[in-house]
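Working notes, beginning with the structure itself.
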2 protein chains.
Amino acid sequence: MTSTERSPVRPTRQRRAVATALAGFDDFRSAQEIHDLISRQGDSVGLATVYRTLSALADAGEVDMLRNEDGEAIWRSCSDTHHHHLVCRTCGATVEVEGPAVERWTGSIAAEHGYADISHTLEIFGTCPACR
Amino acid sequence: MTSTERSPVRPTRQRRAVATALAGFDDFRSAQEIHDLISRQGDSVGLATVYRTLSALADAGEVDMLRNEDGEAIWRSCSDTHHHHLVCRTCGATVEVEGPAVERWTGSIAAEHGYADISHTLEIFGTCPACR
DNA sequence: GACAAGTTGACAATGGTTCTCAAGGACGGT
DNA sequence: ACCGTCCTTGAGAACCATTGTCAACTTGTC
């Protein structure tokens with residue numbers, strides 16, 4: 001929590017492989033799918049390491065993680081600004097969207113009820129033009 | 001999907017027990033917690049049945065199901081209008097909120113990108129007045 | 001080169017959720 | 001009340017995504 005803590009992140013073959021895989025798609029994929037992708041691209045990285053790396057990247061804000069309807073974690077690399085997603089429920093195609101109005105709305109709703117330290121999740125699902 | 005399909009839902013002791021338990025709290029609880037509540041209120045209902053009943057109620061729109069950070073399903077009974085939740089991340093106290101503006105916003109964002117058949121999830125987390 | 005500390009991988013362990021299937025209960029007709 | 005049919009249930013096994021374990025291995029530094 002404090003800025004005193006430093007855990008030097010080492011650039012390993014495995015982390016590079018995960019990063020490469022992440023760069024190869026722009027929809028949300030499960031950890032297992034990403035693991036498969038890595039294998040298919042010729043690298044070999046343990047599943048546990050994939051999980052560890054994805055979690056670390058998520059903590060660092062470099063990937064987004066959300067849950068599909070089954071509660072499975074799905075991931076994709078993302079921009080560094082606060083945003084939400086418009087996801088195709090058929091093919092997974094994702095658009096990052098921003099909504100200042102929504103941010104303001106959640107803040108005021110929370111304040112109105114006396115809630116502090118607010119965060120929120122907002123995802124939009126639909127069928128993309130290509131899948132109709 | 002069509003109105004031809006009818007699956008008569010029978011009023012059993014078990015379903016009544018789940019309904020009673022649901023009426024006894026107004027925050028989100030896991031299936032297991034609800035199962036425990038039922039035991040504590042003197043009834044005995046199998047865990048699988050609790051899951052089945054909760055899912056059925058969720059499909060019928062009588063309870064809300066969402067996922068906590070660990071991906072666990074959590075449930076609570078809800079009003080029958082479309083709404084979202086403001087949830088205390090410490091004690092779970094929940095407020096149902098409505099936001100016509102947000103509904104409109106998601107709709108237009110989706111349309112803008114050509115997505116059809118839209119649905120969305122929006123939950124707000126914070127610390128309630130009592131937990132600060 | 002050698003050391004300390006971060007990393008990894010194979011595999012076991014966890015734990016929520018679903019499946020299986022025989023036994024039990026509800027309901028309409030008689 | 002009795003039947004037959006079909007929905008329900010419960011106990012436990014099965015699933016399966018995710019996390020923990022721990023010895024072997026890298027990396028960066030001195």
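To find a chain, count down the sequence lines: A is the first, B the second, and so on, and within it residues start at 1.
For B/Asp117, the salt bridge (Lys or Arg N to Asp or Glu O under 4.0 Å) test picks out A/Arg89, with sequence neighbours left out. With sequence neighbours excluded, the residues that form a side chain to side chain contact (heavy atoms under 4.5 Å, CB included) with B/Ala110 are A/Leu86, B/Tyr115, B/Ile118. Residues passing the side chain to side chain contact (heavy atoms under 4.5 Å, CB included) test with A/Tyr51 are A/Ala31, A/Gln32, A/Leu47, sequence neighbours excluded. Annotation: salt bridge (Lys or Arg N to Asp or Glu O under 4.0 Å) contacts of B/Arg76 (sequence neighbours excluded): B/Glu96.
Rounded to whole Å, atom P of D/dA17 lies 10 Å from atom CG of A/Asp70.
Put simply, the side chain of B/Arg13 gets close to the backbone of B/Ser44: a donor and an acceptor are under 3.5 Å apart. Counting only distance, with no hydrogens or angles, the side chain of B/Thr94 and the backbone of B/Gly92 share a donor-acceptor pair below 3.5 Å. Although no hydrogens or angles enter the test, the distance criterion places no donor-acceptor pair under 3.5 Å between the side chain of B/His35 and the main chain of B/Gly46.
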Check the interface with nucleotides 13-15 of chain C: list each N/O to N/O pair with the protein under 3.5 Å, or write none.
none

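Distances shorter than 4.0 Å separate none of the side-chain N or O atoms of B/Gln14 from OP1 or OP2 on D/dT8. Within the 4.0 Å cut-off from OP1 or OP2 of C/dT7, at least one side-chain nitrogen or oxygen of A/Arg15 is found. Proximity of A/Arg13 to the phosphate of D/dC25: no side-chain N or O atom is located under 4.0 Å from OP1 or OP2. For the OP1/OP2 pair of D/dT9 and a distance below 4.0 Å, the side-chain nitrogens and oxygens of B/Thr12 include at least one atom meeting the criterion.
Using modelled atom types and a 3.5 Å distance limit, the side chains of B/Thr49 and B/Arg52 yield a donor-acceptor pair.
For residues 22-36 of chain A, every residue pair satisfying the salt bridge (Lys or Arg N to Asp or Glu O under 4.0 Å) rule, not counting sequence neighbours, is listed here: A/Asp27-A/Arg29. Counting only residues at least two apart or in different chains, side chain to side chain donor-acceptor pair (under 3.5 Å) contacts with residues 58-68 of chain A comprise A/Asp64-A/His83, A/Asp64-A/His85, A/Asn68-A/Glu72. Residue pairs that meet the side chain to side chain donor-acceptor pair (under 3.5 Å) test with at least one member in residues 97-106 of chain B, sequence neighbours left out, are B/His82-B/Glu103, B/His84-B/Glu103, B/Glu103-B/His120.
Residues of residues 36-46 of chain B having a heavy atom closer than 4.0 Å to DNA chain D, listed by number: B/Ser44, B/Val45, B/Gly46. A heavy atom lying under 4.0 Å from DNA chain D marks none of the residues of residues 87-94 of chain B. Contacts between residues 48-62 of chain B and DNA chain C, defined by a heavy-atom separation under 4.0 Å, are made by B/Ala48, B/Tyr51, B/Arg52.
Defining each end axis of the helix from C/dG1-D/dC30 to C/dT30-D/dA1 as the rotation carrying four pairs' C1' atoms onto the next four, with five pairs an end, the two axes are found to diverge by 30° to 10 degrees.
One distance of note links SG of B/Cys78 with CE of B/Met65; it measures 12.5 Å at 0.5 Å rounding.
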